Amino acid sequence: MSNETIDMVSKGLWDRARTICITMMQGDVKRSRAERNFSMIQSVVRDGDTFKILALNKMSADILEREYAEDLKKSFLLAGAEPNVTIEFSFDENAKPAIIVPKPNTVVEKTKTGRIQTFISTMPLKEYYTFDEFVEGPSNSYVLAAAKGVAKTPGQKALNPLFIHGGTGLGKTHIMQAIGNEVKRKNPMAAVCYLTAEAFLNEYVNAMTQNSLQTFRERYRKIDVLLIDDIQFIAKNMQNFQEEFFNTFNALTNADKQIVITSDVAPKDLPGIEERLISRFEGGMLQEIESPGYETRLAILKKKSEGMVPEVSNSTLKFIASNIKSHVRAMEGALGKVNIFANRDPSMVLTDEVLSYILKDFIEKEKSRKKLTVDEVQNCVCKKYAVSMQQILSPERTQSIVTPRQLAMYISRKFTTRSLPEIAKKFEKSHATIIHGVKNIAKRLDVEPELRTSLDEILSDLGCSMKDMVG
């Protein structure tokens, strides 16, 4: 067998293992985080029975090994690897491209491959995230138009910053990276940087501890297009970081450099963030991306299934589009799971009955989302804690009221399909108060077994469990 064939077989095995690992993550938040972390992988090579996974830096390699080593091992086996396969995680400092910002009238050196090395990014842009691969529909047409406007003329005041917000798994990251790829295609000399807010914060903390803040500032204030994903992660963090981000934001916009930001919520609903930053975020173009309708869902699935082996039938795509409605990432997960089963047994006939069995967990989650209401959650929590609805809705701050109130907020946000504005209206509270309550309960659940037990009991009374979490 030739080396080329071995390489092709190994690549196929890795691609299947990676897809299985992400697909099998429980919950949209974990799947989304896995996708972000896996994007930090620089390369994968095979040495005998060992797959060596090289990340962009040591921090990324440590995260991948700590959080995904065990799941990846299982995924390799499901993908058809031999039982003795092993995985190693490492990084290559020399693999990270140098930051080169071209200056006027300066000859820019080319790399050995002949490519001009001016494109920079903390996290790699996925080449398949393009406008052509993004399926347009009524739920995202305005966002797409704004994104194309930014890519055509970066830095124009009416679209700077472009702030895209919407729920998990609706395509925010795709459209943001499509902007970066289009800018790069049209102008290879442009300095473009894509990263998550979490990665931006980590770089800032490292710069502080290593006394290299000036280098940090010079890096980000010489960029032509800055793409920041999941800005909600900085909302709760340190004052000094918000100050640094504010100054970087001003330096770039004053120089007519483009900033694109994504978030789960609108700027005014970001908890713990300074008013001056909110004002800056709202100073350009705000666009919301919504859940797609049936026709758009079917078109997305057709696009995602292109090139899959075996070929996915139209009836299978229609079944998924009809039964998985919450968001795009859930549909992709369902499609990936069907493809895994089809590969394991190519002779399997995918009838609606068989698909219902394969996608049982996805479909049950969709059903639980549809039937559970905020009113039911509130009433169940009131009963559990022996408090009244009036107390839940009141501004009272005693712990005996705050805990059930925030727990009801947490369950409403995590186990129903109600939007943040709808939940806020039901509790007669602001969006920020709901987000704060949800995050506070999430932290307490990790350290308070009694609270976890109460949550499980309430979920049981509501006819669901932790596996039904929306995200």
Side-chain angles (χ1 to χ4, degrees), residues 1 5-28 30-32 34-35 38-39 41 44 46 51 68 70-83 85 87 126-129 133-135 169 171 174 292 294-367 467-468:
M1 187 177 292
T5 304
I6 293 173
D7 289 342
M8 289 174 62
V9 170
S10 299
K11 183 181 184 305
L13 188 58
W14 160 247
D15 288 342
R16 291 196 301 275
R18 180 187 181 279
T19 299
I20 291 170
C21 187
I22 293 175
T23 300
M24 295 304 178
M25 290 286 161
Q26 294 298 309
D28 302 327
K30 287 186 177 180
R31 277 194 292 270
S32 179
E35 286 178 348
F38 275 52
S39 71
I41 295 173
V44 178
R46 185 172 185 175
F51 278 82
Y68 304 107
E70 186 176 340
D71 289 330
L72 266 177
K73 171 70 173 178
K74 296 176 182 176
S75 298
F76 267 107
L77 296 177
L78 288 171
E82 295 297 324
V85 70
I87 307 168
K126 297 177 181 178
E127 293 183 357
Y128 53 82
Y129 277 161
E133 290 296 315
F134 188 84
V135 178
H174 182 145
Y294 172 78
E295 295 298 333
T296 306
R297 294 198 302 273
L298 185 58
I300 291 170
L301 287 166
K302 287 181 178 179
K303 176 74 74 172
K304 295 293 182 182
S305 67
E306 289 176 358
M308 278 189 169
V309 179
E311 183 178 351
V312 185
S313 69
N314 200 46
S315 61
T316 295
L317 298 178
K318 287 182 177 180
F319 181 90
I320 297 173
S322 298
N323 289 278
I324 314 297
K325 305 176 182 179
S326 52
H327 54 76
V328 177
R329 191 169 292 129
M331 293 192 306
E332 289 179 347
L335 181 62
K337 189 170 184 181
V338 169
N339 185 244
I340 290 168
F341 274 79
N343 272 285
R344 289 168 63 181
D345 184 4
S347 64
M348 180 187 298
V349 179
L350 295 174
T351 63
D352 284 359
E353 184 179 2
V354 171
L355 288 169
S356 295
Y357 172 76
I358 294 174
L359 300 177
K360 181 180 178 181
D361 52 341
F362 287 91
I363 294 171
E364 286 183 349
K365 183 179 287 188
E366 292 285 332
K367 288 179 179 178
K467 66 180 178 64
D468 298 313

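Because the structure is a prediction, the values reported are computed rather than measured.
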For the atom pair [atom1] ([X]) and [atom2] ([Y]), what is the distance rounded to the nearest 0.5 Å?
| X | Y | atom1 | atom2 | result |
| --- | --- | --- | --- | --- |
| Leu350 | Ile358 | CG | CD1 | 5.5 Å |
| Leu77 | Leu72 | CG | CG | 11.0 Å |
| Ile363 | Ile320 | CD1 | CD1 | 9.5 Å |
| Asn339 | Ser305 | CG | OG | 9.5 Å |
| Leu317 | Met331 | CG | CE | 10.5 Å |
| Met348 | Asn343 | CE | CG | 10.5 Å |

Would you check if [X] and [Y] make a side-chain contact, meaning some heavy-atom pair closer than 4.5 Å?
| X | Y | answer |
| --- | --- | --- |
| His174 | Val328 | no |
| Phe51 | Val44 | yes |
| Val338 | Leu355 | yes |
| Leu335 | Val312 | yes |

Practice task
Using side-chain contact (heavy atoms from CB on, under 4.5 Å) as the criterion, list what pairs up with Glu311, not counting sequence neighbours.
Solution key: none
Practice task
Taking atom NZ of Lys318 as the centre, report whether more than 12 heavy atoms of other residues, nucleotides or ligands fall under 6.0 Å from it.
Solution key: no
Exercise for the section: Taking atom OH of Tyr357 as the centre, report whether more than 12 heavy atoms of other residues, nucleotides or ligands fall under 6.0 Å from it. Expected result: no
Exercise for the section: Kindly assign one of parallel, tilted or perpendicular to the pair Phe38 and Trp14, based on the angle between their ring planes and the thresholds 30° and 60°. Expected result: parallel
Considering all heavy atoms of both residues, which atom of [X] and which atom of [Y] are nearest to each other, and what is their separation?
| X | Y | result |
| --- | --- | --- |
| Pro310 | Ala342 | CG-CB, 3.7 Å |
| Phe319 | Ser356 | CZ-OG, 3.4 Å |
| Ala330 | Phe362 | O-CE2, 3.6 Å |
| Tyr294 | Ala321 | CE1-CB, 3.7 Å |

Handout entry: Cationic tip of Arg344 above Phe341 ring, under 6.0 Å, 45° of axis
Key = yes
Handout entry: Residue that, paired with Glu133, satisfies side-chain contact (heavy atoms from CB on, under 4.5 Å) out of Lys126, Glu127, Lys303
Key = Lys303
Exercise for the section: Ignoring hydrogens and angles, tell me if any N or O in the side chain of Lys337 forms a donor-acceptor pair with the backbone of Leu359 under 3.5 Å. Expected result: no
Handout entry: Short side-chain to backbone donor-acceptor contact, Lys73 and Val85, under 3.5 Å
Key = yes
Handout entry: Lys302/Glu306 salt bridge by N-O under 4.0 Å criterion
Key = no
